[in-house]
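Working notes for the structure below.
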Amino acid sequence: MNIRLATWNINSARLRMPQILRFLQEYDVDVLCLQEIKCQNEQFPLEELAAQGYEHVELNGQKAYHGVATLARMPLRTVERTVFGGIDEARHLNVEMPGVKRGGKPVQIHNFYVPAGGDAPDIKTNPKFAHKLDFLTDMATNFSKQKDRNDPMILVGDLNIAPLENDVWSHKQMLKIVSHTPIEVEHLDKVAQSLSWIDAMRCHVPDEEKLFTWWSYRAKDWQASNRGRRLDHVWVTPSLEGCATHMQVVEPARSWERPSDHAPVIVDLKI
DNA sequence: ATGGTGGGCCACCCA
């Protein structure tokens, strides 16, 4: 069974519906995980998606900020919406695909929006940075205690960390910038180690090559300056190792009218 | 060192 899965920080689902519909159609996506939907569940535009064949939508929304959604052509079932890091915000949604199994178990998809962490990389002066690290610590603990690395799971989303040197435009100039500080990378590494998660994007692009998914709105010409970061990720547990047969960052979407500042990431899975 | 651009919502918060 071949499944095309995508993740996209959409920066307002309601405002960006034309781009969402265009993306689903042009790229023939089966499952789309959205972050920063910025609306309550009741406000999410279900009808337009159903009309285009995406009849299955699971939500964890909230008013104005954050919020994640997972939508698909095939049935989905919400397993859990978990609060990490002690602050009750809509930043996680775990769904399973009852019709998509590996080793007799339905494949689960964790959709994450990790806190951005504010400006100063200092837990003493910046509560947002402390929250980000707490969130990551909680993720690692929760996975270790509650989950089994032998289960087929996919983790996608905006993790707001670019861990590798070539996940940012300038490693040296980014070392003290939130999203690329060593302490954040250490915390993210612990999350990855908790269930031996595999970085499915880097399986397709060598560590020596630049790979970005986000470009700031503040650049005059995002392509010319190309000061990007890889903030969005796709991980799989060991039982799905090698299942991601193809990966692409859909950079053209960053140039569409009224774009999100994130580009979608697509993986093709053979399950 | 600073400000640059967006979205939600109606005074600012957040990215």
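Proteins come first, then strands; the chains are lettered A, B, ... in the order of their sequence lines, and each starts at number 1.
Regarding A:D119, its CG atom lies at a distance of 13 Å from the P atom of B:dG3, rounded to whole Å. Taking atom NZ on A:K132 and atom C1' on B:dA15, their separation rounds to 11 Å, with Å as the unit. As rounded to whole Å, 16 Å separates atom P of B:dG6 from atom CG of A:N9. In this structure, the NE2 atom of A:H66 is 17 Å from the P atom of B:dG7, given to the nearest Å. For A:I177 and B:dA15, the CD1 to P distance is 16 Å, given to the nearest whole Å. One interatomic measurement links the two molecules: CG of A:L231 to C1' of B:dA15, which rounds to 11 Å at whole-angstrom precision. Between the CZ atom of A:R16 and the C1' atom of B:dA15 there is a distance of 12 Å, rounded to whole Å. Following rounding to the nearest Å, A:N126 (CG) and B:dC13 (C1') show an atom-to-atom distance of 14 Å.
The aromatic rings of A:H171 and A:H180 stand perpendicular to each other, their planes meeting at an angle above 60°, with 30° marking the opposite boundary. Ring geometry for A:W8 versus A:W256: interplanar angle over 60°, hence perpendicular rather than tilted (30 to 60°). A:F112 and A:H110 have parallel rings, their planes meeting at less than 30° on a 0 to 90° scale where 60° marks the start of perpendicular.
Taking A:T141 as the reference, nothing meets the side chain to side chain donor-acceptor pair (under 3.5 Å) condition, with sequence neighbours excluded.
Taking the charged nitrogens against the carboxylate oxygens, A:D199 and A:R230 do have a contact shorter than 4.0 Å, which makes a salt bridge. Under the 4.0 Å criterion applied to side-chain N and carboxylate O atoms, A:D28 and A:R73 are assigned as salt-bridge partners. Note on A:E184 versus A:R229: no salt bridge recorded, every NZ/NE/NH1/NH2 to OD/OE distance being 4.0 Å or above.
Stem regions for DNA chain B, each three or more consecutive Watson-Crick or G-U pairs with both distances under 3.5 Å and listed by first number, read B:5-8 with B:12-15.
Judged by distance alone, with hydrogens and angles left aside, the side-chain atoms of A:D207 form no donor-acceptor pair with the main-chain N or O of A:N166 at under 3.5 Å.
Taking each heavy atom of A:A140 and A:K190 in turn, the nearest pair found is CB-O, 3.8 Å.
Along DNA chain B, the nucleotide closest to A:A13 and the one closest to A:G118 are compared, and the more 5′ of them pairs with A:A13. Projected onto DNA chain B by closest heavy-atom contact, A:R91 and A:A64 fall at different nucleotides, the more 5' of which corresponds to A:A64.
A heavy atom lying under 4.0 Å from DNA chain B marks the following residues of residues 212-220 of chain A, by number: A:Y217, A:R218.
Nucleotides B:dC14 and B:dC10 place their P atoms 15 Å apart, quoted to the nearest Å. Look at the C1' atom in both B:dA15 and B:dG4: the space between them is 14 Å, to the nearest Å.
For B:dG4, neither phosphate oxygen OP1 nor OP2 lies less than 4.0 angstrom from any side-chain nitrogen or oxygen of A:R227.
Here B:dG8 is the nucleotide among B:dG8, B:dG7, B:dA15 with the atom lying nearest to any side-chain atom of A:R14.
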